[in-house]
Structures are given as structure tokens and as C-alpha cells.
Amino acid sequence: MTVIKRRRLLGLGAAGVAAAGAGAFAIRSAVTESAPAPRSEGPADGPVPFYGEHQAGIVTPMQDHLHFVAFDVITDDRDKLIELLQEWTAAAARMTQGKEAGALGAVGGRPEAPPDDTGEALGLPPSRLTLTIGFGPSLFDERFGLADRKPAALAPLPRFPGDDLDPAISGGDICIQACANDPQVAVHAVRNLARIGFGRVSVRWSQLGFGRTSTTTAAQATPRNLFGFKDGTNNLKLEDERLLREQLWVAPGDGPGWMTGGCYLVTRKIRMNIETWDRAPLAEQEAIFGRTKGEGAPLGKSREFDEIDFDLKGPDGEPLIPADSHIRLAHHTRHGGARLLRRGYNYVDGSDGLGRLDAGLFFIAFQRDPRRQFVPIQRALAREDALNEYIKHVSSGLFACPPGVRDAGDHWGRALFT
Amino acid sequence: MRTTPTTVSLVAAGALALAALTACGGDSGGGTASTAGGAATGKIAVSATDTTCDVATTELPAGTATFSVTNNGTKVTEFYVYAAGDRVMGEVENIVPGLTRDLIVELPAGVYETACKPGMVGKGIRGPLKVTGEAKPLTSDAKLAEATESYQRYVRSQTAALVEKTQEFVDAVKAGKIEEAKRLYPIARTYWERIEPVAEIFGDLDPKIDGREEVVEEGMEFTGYHRLEKDLWVKKDVSDSGPIADRLMEDVKLIVSKANEERLSPVQLGNGAKSLLDEIATGKITGEEDRYSHTDLWDFAANIEGAKAAIAALRPVLEERDPELVKEIDENFARVERTLEKHRDGDGWKPHNELSKAELKELSDVINALAEPVSRVSAAVTR
């Protein structure tokens with residue numbers, strides 16, 4: 001599937017090695033707006049407010065663990081679906097505040113009845129759990145009378161060169177992203193929501209992730225992906241208020257009114273060929289990303305947050321940041337300023353039976369319109385990115401995340417169904 | 001079967017030490033039942049064929065009724081009298097072509113349905129039955145007691161057929177008739193799977209009869225249905241299977257004699273229904289149960305029928321205490337049946353290994369959907 005350009009990358013030699021910079025996997029943006037004082041994110045085990053203008057779990061400072069789940073709706077009854085969204089919202093409002101899924105809880109009910117909470121989070125703090133819902137394109141078919149409410153921005157993603165997507169772990173009518181600093185808390189939330197949904201929805205696929213691969217606030221240090229590179233150096237961050245308005249939140253007039261204040265979510269499960277990557281020379285690895293591995297500086301620069309200079313040339317006259325390097329292809333200056341808020345996680349699904357780690361990046365990106373953001377950026381990457389030799393996209397998801405739940409009288413998707 | 005013997009909760013068994021009951025139905029087993037007093041109404045003739053079920057009358061006075069069911073068709077049939085929600089008031093199983101069997105049943109005033117089931121599958125050929133007279137509303141306690149009686153009637157009807165069909169299966173094995181034994185294997189197991197919650201109370205017998213090879217304890221011989229299944233489908237040789245077949249028959253007879261005396265409390269009934277659905281979710285969906293014959297869908301259908309019978313026995317109590325739950329359970333049973341029906345093959349079921357992953361997931365989804373409300377039954381009946 002990949003165009004191999006290793007030869008030239010190796011030729012680049014040590015040019016980049018002396019430089020320093022910040023690396024990132026997947027779509028990258030350049031200079032952050034000057035960052036105001038970081039907002040307090042509160043204690044790592046405290047609660048994140050559930051109610052608000054926007055859903056939590058998007059610009060919320062990234063937690064350490066992910067359990068992402070996609071559901072198919074298996075009832076054809078619109079009212080039952082609405083009821084489910086109401087029940088889910090109530091349970092989500094409770095669980096994100098560190099409470100049990102139902103009012104009786106794991107041990108408060110009658111002994112003859114199954115508990116209304118599964119119990120594995122008993123005694124655990126809220127751990128900054130956020131639950132974020134999204135609606136997939138397939139929800140807007142004829143089943144629930146939503147066809148005329150489908151946003152144009154929810155148009156199916158095109159097929160990108162090299163895609164090797166497994167339908168069984170792609171798509172879905174509804175997704176829920178659960179993030180928390182304690183994996184048990186995230187898993188507990190998904191498990192209880194799935195249980196509430198039995199008979200109305202069926203789990204289509206789910207994904208566990210760990211070790212956030214981006215930062216969503218300037219206060220967080222840049223973490224590394226499984227290729228060992230810093231990831232998310234120049235991600236959209238919650239301090240970039242102007243950029244968030246411009247690049248993230250759906251504005252009035254963008255499409256159907258029910259999406260105002262929401263955003264679009266793209267997921268891509270990106271399998272990494274860990275073992276072959278680990279045998280690649282350092283210089284090649286750095287040339288592929290366009291950043292140094294240690295500091296994460298753009299090649300030719302010395303610090304992670306130094307501005308990228310695509311014009312720098314090496315002694316051989318070739319650009320220091322190669323034409324097919326990841327940061328060059330993904331950079332917003334190539335895409336009319338288009339940027340993404342990335343919120344991906346590393347994953348390791350054990351081994352693949354051939355002695356290799358079944359591992360990679362579960363890419364998550366939020367944006368105002370995938371047609372202007374994810375799609376053109378990924379087109380460029382899929383066509384040319386030197387990294388393609390070491391990765392494969394194996395799943396894809398696209399979801400419309402409605403605005404936040406205002407208060408206890410509101411529920412997920414209320415505006416969509418009214 | 002389960003990997004560990006189940007002890008059905010005995011919590012509310014005490015709720016049953018209650019008044020004896022009006023409708024103590026006749027033993028519908030082998031047509032040898034005795035009446036429980038009440039007005040004799042004369043026998044009601046039922047003529048069953050492969051496509052019809054002619055009941056001589058559709059209106060009766062309340063009291064004891066005797067249906068005399070003649071099978072004029074070519075398939076083995078069954079005859080049922082159902083109250084609302086398919087609660088079995090009485091049934092007679094395994095009426096082979098040409099045979100007449102009696103069903104003696106105590107029917108209080110109300111609206112019922114009769115059903116013949118040629119081939120012993122599906123909803124059967126239904127007809128209305130109205131019983132007139134003074135309807136005495138049951139007290140709540142009496143309804144709970146009736147649930148136990150009602151389920152015991154069901155168990156007895158099933159155990160009678162279990163013994164007969166297992167005998168036929170065992171005979172075929174011993175005669176070396178492999179094809180005949182293979183045909184009879186899922187049919188005999190149907191009666192077993194319907195009443196498994198009762199069988200599992202007898203923890204020592206269950207693994208001997210229904211143990212899978214991997215759960216047989218060290219030092220214990222692999223016996224029972226699954227051992228014979230392996231001999232038939234894998235070894236393809238039953239010349240040495242005679243002693244195993246004899247032991248299966250002995251064990252089945254022993255468990256039947258115990259099961260017929262067992263009275264399950266309402267809580268046990270609720271938990272029994274749930275455990276049958278759990279059996280499906282863990283053993284049948286995956287094809288683990290009948291891994292050699294792939295007849296898992298037969299067991300699946302039987303588990304559903306058994307769960308439905310347990311819930312039906314509780315229905316009058318549930319209707320009173322949680323009508324919403326009854327509605328939810330009814331809808332979900334119907335959905336499971338519709339989904340399973342897609343995989344019917346003649347009078348039986350497609351082999352498990354012919355179903356696609358998507359088809360199995362669909363079955364898994366509807367079972368999960370049903371098991372959630374069923375898991376709330378025990379609490380509802382003891383409220």
C-alpha cells in the first residue's frame with residue numbers, strides 16, 4: 001500500500017540529528033496562539049462538570065485512559081431511542097461525578113434484584129471521567145425520521161489510498177468516548193451504559209487506549225506515541241479561544257441548528273508496524289516525522305516549540321524537513337489553515353499471533369467540518385506521507401457530537417429529536 | 001450445562017409455605033393422570049393432524065376437563081392448554097402418529113387457548129377455549145403458590161417426554177444405528193434443556209448427564225449426552241458405547257424421579273428463567289455446548305421455551321406487581337422467537353456452524369435484551 005521513500009530519507013543522513021524539535025504523529029498544526037495562563041484542571045482524581053455549553057471530553061485536559069465504544073441501534077422505535085438517550089444522560093451525569101450508574105447502586109438494592117450499578121468503581125474517585133456522545137451518519141437513515149436533519153458535514157469520508165478498513169470495527173450509529181485518569185473508571189462507565197442499552201443498542205466495537213498522545217492544554221507536557229515521538233506539540237488547545245471558535249465549534253449557520261455548539265469527531269485506528277519501525281535508523285525515523293526524537297524540535301531547530309521552518313536546507317541542498325515528512329504534509333499552512341483538535345490514545349491489543357505487538361494509535365480528532373479539515377489533510381498524508389510504510393489505517397469512524405447538556409432537564413440529542 | 005453446579009437461590013422458598021391451591025392440575029405426563037375432583041365433563045375429543053387441530057368444543061364449564069388427543073397426522077405431536085401469556089395449564093407430549101392420549105386439566109373460568117404442535121415445534125396450531133363459571137380471583141399468596149404448581153405441571157410433562165425420547169436415543173445407540181441416534185440426539189436434549197434449572201439442583205447428577213468433556217473433574221469419567229455425541233459425530237463408532245448409553249438412561253431416570261418431586265419457589269423460577277438465558281448467552285451462541293454435532297440451536301430453542309414456561313408460571317403474580325415488566329418481557333420473547341425462526345430448518349434448526357458471525361451477533365443481541373428484564377423478575381415477585 002505504501003510508496004517507499006526510505007532511500008532518500010536515509011540519504012538525508014545526520015542533517016537532522018543535530019537539530020532539535022517536536023514530533024507528532026498524524027495531523028499537526030503549527031504555532032499555538034500565545035497561551036494565556038493555563039486553566040486549573042483540578043485534582044487528577046476530581047470530577048469534570050458534566051453540564052455546559054459544549055460537551056466535556058473535547059477541550060477538557062486530556063485524561064490518561066480511554067474506552068471508546070460504538071453502538072448500533074437495534075430498535076426501530078424512535079421513542080425507545082429517545083428514552084435511552086435520556087437514561088444514558090442521567091447515568092452519565094451521575095457517573096462523571098463519581099456516583100454509581102443508578103440511584104440504588106451496586107449494593108443498595110434488594111438482594112433478589114441485580115444491582116443497578118456493576119460495582120467495579122466502588123470507592124474510586126471520579127478520576128476526571130468524561131463521557132462524550134456522537135451520532136454517526138447511519139443514524140440518519142429512514143429508521144428514526146432523521147434524514148432531513150443530517151448535517152452535510154457528516155458526509156461519509158472518502159476512501160483514502162492505503163486504507164485497509166475492517167467494517168466490523170468501523171462506523172456505528174452512536175459513539176461514546178469515555179476518558180478518565182483511572183482505566184477502571186472509564187471501563188465501568190462504558191460497561192454500565194452498554195448494559196442500560198441492551199435491547200435498544202448493541203455494541204458494535206470498542207477500543208481501549210492508554211497514554212494520551214496529545215495535549216489539549218498548554219499546561220500538559222507533550223506525551224509520546226508508540227513510535228517514541230512526542231505527539232501533539234502543536235495541537236489545538238483550550239487556551240486558543242479564537243482558533244477553537246474558528247476550527248472546532250459548529251457555529252450558527254454552519255448547518256442544522258441542533259449541531260450549533262457541537263463538533264465532528266473522526267476516529268481512525270492506526271496499526272503501527274512496531275517491529276520494523278524499531279529497526280529503522282534514528283535519522284530515518286526523524287526524517288519521517290520531520291522532528292527530532294529526543295526533544296521533539298522541528299528539524300533544523302532546537303526546541304520543541306520552536307517555529308517550523310520548511311525552507312531550511314541541508315548541506316546536500318535538500319530540505320531539512322523532507323517533502324514527504326509527516327509534519328510538512330499535515331501542516332495547516334498546506335490546508336488553508338485547517339487544523340484539528342486531536343485527542344488520540346495509544347493502544348496495545350495484545351499480540352497478533354505472529355509474534356508482533358498488535359499496537360498503534362487510536363486517532364481521535366474533533367473539528368468544525370471534516371470536509372474542510374480531516375479529509376484534505378488525510379488525503380495529503382495518505383498519498384505521500386513517508387510514515388505510511390510503518391502504519392495502516394484499519395478502522396474509521398465519523399460522528400456528529402451535539403452541543404453540551406445544559407442541565408438536568410436536558411439530555412443528549414434533545415435538540416436533534418425535537 | 002454450566003461449568004459449576006448452580007444453586008438456585010432459596011431465599012424466598014419460604015414465601016411458598018402457603019395455602020394449598022385450587023388448581024392442582026392433572027399430571028399430563030403419560031396420559032395416566034388422575035383427576036383432582038370437580039365436575040366431570042366427559043372427554044373432549046381432539047383430532048390432530050400435521051396441519052389441523054380440531055377440538056370438539058371451544059366452550060367449557062369451569063372444573064376438571066379431559067382432552068382426548070388423537071394424532072391422525074404423520075408427525076409426533078403435542079397438545080397444550082395455555083392461559084394468557086402461554087402459561088401452560090396442561091400439556092401432553094410425544095403423541096406419536098396413530099396414538100390417543102388424555103390430558104386432564106383443572107381449568108378455572110377464563111379465556112384460554114388450545115394448541116397442537118405437529119413436529120413439536122413452533123407456536124403450534126392455536127384455537128380459542130372459553131371456560132365459563134364463577135371466577136374466583138386468587139389472592140396474591142395463592143398466585144405465588146399456583147406459580148409453583150403450574151411449573152411443576154410443566155416439569156412433569158417434560159420429564160415424561162425426556163425419559164421416552166432418551167430411551168429411543170439410547171436404544172438407537174445400542175443398536176448401532178448411528179444415523180437414527182444422530183437424529184434423536186437433539187430431540188431428546190430438547191426436553192432436558194427446557195427444564196435444566198430443575199436438573200441443576202441435583203449438582204452431582206447434572207455433570208454425569210450433561211457434562212462437557214473439559215469440565216469433567218479429574219478422576220471422573222466423561223459420560224452422558226455429550227460423550228455419546230462425541231462417539232456419534234467424531235469417533236463415528238458406537239460399538240463400545242452401550243454401557244455409557246445405559247448409564248445415561250439410569251441417570252436420567254434418577255434425576256427425573258427427583259425433579260418430579262421438586263417444587264421451585266417463585267424466586268427460583270425467576271432465577272431459573274434467567275439462568276436458561278445465561279446458558280444460551282454463554283454456551284449456545286458460541287457453539288460450545290454441542291461442539292461435535294452443532295445442534296446448539298435446538299438447545300437454544302429449548303432453553304427459550306423453558307424460560308418462557310418459568311415466566312409464564314409467574315405471570316399472574318407479575319401481572320399484578322409489575323405489568324410494565326411483563327410487557328417488556330413479552331416483547332422481547334417475541335423478538336427472540338422471530339430472530340431464531342430465521343434459522344429454522346424443517347422441524348428442526350440449522351447447524352450452529354452454518355450461521356454467520358452477524359447472525360450469531362443478532363441472536364446474542366436479542367438474548368441480552370431479553371435477559372435484562374428477566375433478571376428483574378425475582379425481585380418483582382417478592383416485592
Side-chain angles (χ1 to χ4, degrees), chain A residues 69-84 86-88 90-91 101-119 138 143 165-174 190-206 395, chain B residues 8-15 144 265-275 277-278 281 285 314 317 321-322 324-325 327-336 338-339 356-383:
Chain A
V69 61
F71 295 97
D72 286 329
V73 181
I74 56 172
T75 177
D76 287 335
D77 185 336
R78 180 185 160 106
D79 291 337
K80 284 191 173 167
L81 175 57
I82 295 170
E83 262 173 41
L84 171 63
Q86 290 166 340
E87 289 171 34
W88 266 355
L104 298 171
V107 294
R110 291 158 32 94
E112 296 86 0
D116 70 5
D117 180 279
T118 55
S138 51
R143 287 174 294 168
L165 307 180
D166 178 356
I169 52 169
S170 297
D173 291 333
I174 300 179
V190 166
R191 173 175 166 190
N192 280 270
L193 294 174
R195 180 173 174 220
I196 291 168
F198 278 138
R200 294 174 286 192
V201 291
S202 161
V203 173
R204 181 179 174 88
W205 54 273
S206 78
S395 89
Chain B
V8 181
S9 160
L10 290 162
V11 173
L144 282 171
S265 73
V267 165
Q268 286 176 313
L269 288 179
N271 289 341
K274 180 187 158 294
S275 78
L277 300 178
D278 293 346
I285 293 280
L314 291 167
V317 191
R321 304 199 178 175
D322 196 343
E324 278 300 306
L325 183 60
K327 197 167 149 260
E328 200 182 338
I329 289 172
D330 282 351
E331 282 172 12
N332 280 294
F333 264 121
R335 198 167 167 192
V336 168
R338 276 199 308 276
T339 309
S356 70
K357 208 172 167 192
E359 288 169 330
L360 291 171
K361 176 159 190 281
E362 186 186 28
L363 287 171
S364 173
D365 284 343
V366 294
I367 287 297
N368 278 331
L370 173 60
E372 278 293 324
V374 165
S375 75
R376 302 201 296 270
V377 164
S378 290
V381 295
T382 54
R383 184 140 65 202

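The sequence lines fix the lettering, A, B, ..., with proteins before strands; numbering per chain opens at 1.
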Asks: So which atom in A:Arg195 and which in B:Glu372 form the shortest heavy-atom distance, rounded to 0.1 Å?
Replies: NE-OE2, 3.2 Å
Asks: Heavy-atom distance under 4.5 Å to chain A: side chain of B:Lys357, backbone, both or neither?
Replies: neither
Asks: Report the option among B:Asn368, B:Ile367, B:Asn332, B:Val366 that has the most heavy-atom pairs separated by less than 4.5 Å from atoms of chain A.
Replies: B:Asn368
Asks: Using 4.0 Å as the upper bound for N to carboxylate O, is an ion pair formed by A:Lys80 and B:Glu331?
Replies: yes
Asks: I'd like to know which of B:Ala371, B:Ser378, B:Ser364, B:Pro373 tops the heavy-atom pair count under 4.5 Å against chain A.
Replies: B:Ser378
Asks: Checking the side chain of B:Arg335 only, and the main-chain atoms of A:Gly199 only, is there a donor and an acceptor separated by less than 3.5 Å?
Replies: yes
Asks: Tell me, side chain or backbone of A:Val201 under 4.5 Å from chain B's heavy atoms, or both, or neither?
Replies: neither
Asks: For A:Arg143, check side chain to side chain donor-acceptor pair (under 3.5 Å) against everything at least two apart and list the hits.
Replies: A:Asp141, A:Asp173
Asks: Roughly how far, to the nearest 0.5 Å, is CG of B:Asp365 from CZ of A:Phe198?
Replies: 8.5 Å
Asks: Name all residues meeting the salt bridge (charged side-chain N to carboxylate O under 4.0 Å, His left out) criterion together with B:Arg376; count only those two or more places apart in sequence or in a different chain, and write none if there are none.
Replies: B:Glu328
